[in-house]
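Report on the structure given below.
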Amino acid sequence: MRRPRLLYVPFWATYVFLYAPIVVLVVMSFNSGESPYVYEGFGLKWYGALAENAAIREGLVNTLIVAVGSTVLATVLGTLLAVGLARHTRSRALDALGVLPAVLPDLVLGIGLLVFYATIKSTLGLHSVLLAHTVFGMAFVTAVVRTRLTHADTSLEEASRDLGATPFTTFVRITLPQLAPGILAGALLAFTLSIDEFVIAFFTAAPTTPTLPIVIYSMVRFGVTPEINALATLLLLVSFTAVIVTQRMTRLTESLS
């Protein structure tokens, strides 16, 4: 039975609504003119201007330090938490608490972390942002790995223990390979979220150590410039690349397992 063509109208209209602003932003990032709103011809000068902007370079370095560090911590802790919740402690309340930072409003989480740092009299800096990003990144890793655990074959773990393997050996040689796609997906998700995150970083960063989103915010307060269009395009490229790599690696790992 052939479907009416009118059914495709809302489908494509939704995609146009979602991606048309992104396409416009990318096109305007290659504008040779001075205006961020009027396209005057193809040019790459605004990408060159990014490399000469010291504030953007500093923000990028700070962001990468925080993103890489928080991703490593969130992946390790989130994986262990997911395994513990699925294999050793069956509790809906603990399951909800494990993913609570992922569903809390960023504003609430940011203020809460700021109050916590003030209570323990901790200074703010890259370390405070790194730990804050680990908190919500760990929740996303836990959710992704927890979902992967529901499809894992527990009989292999039982056979490993029956053959005399220690719990640690079973975890390293049986459980982790089965969870590899979920762990990779959770890690890349935590990394991309950390790069783009602004609200929590705004509350937990020191004025001398701004991350890239904070630098962008300080620039757009006085109006959007062509540099912002170029920078946003690069961030989009990083995000899309992470998503594609996650899909490819997940399929590759599943085919090899």
Side-chain angles (χ1 to χ4, degrees), residues 2-51 53 56 59-60 63-64 66-67 70-71 99 102-107 133 136-137 139-141 143-144 147 181-182 184-202 211-252 254:
R2 190 174 183 180
R3 297 178 181 178
R5 292 185 177 181
L6 288 177
L7 292 178
Y8 291 97
V9 173
F11 173 80
W12 289 111
T14 301
Y15 271 92
V16 170
F17 176 77
L18 289 174
Y19 291 103
I22 297 177
V23 173
V24 172
L25 183 145
V26 173
V27 171
M28 295 304 295
S29 71
F30 295 101
N31 186 13
S32 61
E34 301 292 331
S35 173
Y37 309 109
V38 180
Y39 189 78
E40 300 179 12
F42 182 84
L44 297 173
K45 70 174 184 178
W46 297 114
Y47 288 91
L50 286 178
N53 193 313
I56 290 178
L60 178 60
T63 295
L64 290 177
V66 170
S70 64
T71 298
V99 298
V103 298
L104 279 176
D106 288 349
L107 185 62
H133 282 196
F136 78 86
F140 285 97
V141 174
V144 174
T147 302
L184 177 62
L188 289 176
L189 179 61
F191 180 79
T192 54
L193 289 173
S194 178
I195 287 180
D196 297 335
E197 204 287 320
F198 166 75
V199 176
I200 296 175
F202 183 79
T211 59
L212 190 58
I214 296 177
V215 174
I216 294 174
Y217 171 73
S218 64
M219 295 174 64
V220 300
R221 284 188 304 171
F222 305 102
V224 177
T225 65
E227 282 183 287
I228 299 299
N229 292 336
L231 183 56
T233 300
L234 293 178
L235 291 177
L236 283 172
L237 178 62
V238 172
S239 299
F240 285 143
T241 301
V243 171
I244 293 173
V245 170
T246 301
Q247 293 178 338
R248 296 295 183 184
M249 292 299 295
T250 299
R251 292 178 182 178
L252 178 62
E254 289 177 341

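Worth saying up front: this structure is predicted, and the values here are computed from it rather than measured.
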Shortest non-hydrogen contact from [X] toward [Y]:
X    : Y    : answer
V215 : G59  : CG2-CA, 4.1 Å
L237 : T241 : O-OG1, 2.7 Å
G186 : V141 : O-CG2, 3.4 Å
S194 : A67  : OG-CA, 3.3 Å
A49  : E227 : O-OE2, 3.5 Å
A201 : T211 : CB-OG1, 3.8 Å

How many angstroms lie between atom OG1 of T192 and atom CZ of F240, to the nearest 0.5 angstrom? 11.5 Å
Rounded to the nearest 0.5 Å, how far apart are CD1 of I195 and OG1 of T71? 7.5 Å
Would you please name every residue forming a side chain to side chain contact (heavy atoms under 4.5 Å, CB included) with [X], sequence neighbours left out?
X    : result
A102 : A139, F140
N31  : M28, Y39, E40
T233 : L25, V26, S29, Y47

Is it the case that over 12 heavy atoms from other parts of the model lie below 6.0 angstrom from the CZ atom of F17? no
Does atom CZ of F202 have more than 12 heavy-atom neighbours from other groups under 6.0 Å away? no
Side chains of [X] and [Y] in contact at under 4.5 Å (non-hydrogen atoms):
X    : Y    : answer
I200 : F136 : yes
I56  : M219 : yes
I228 : I216 : yes
L212 : L235 : yes

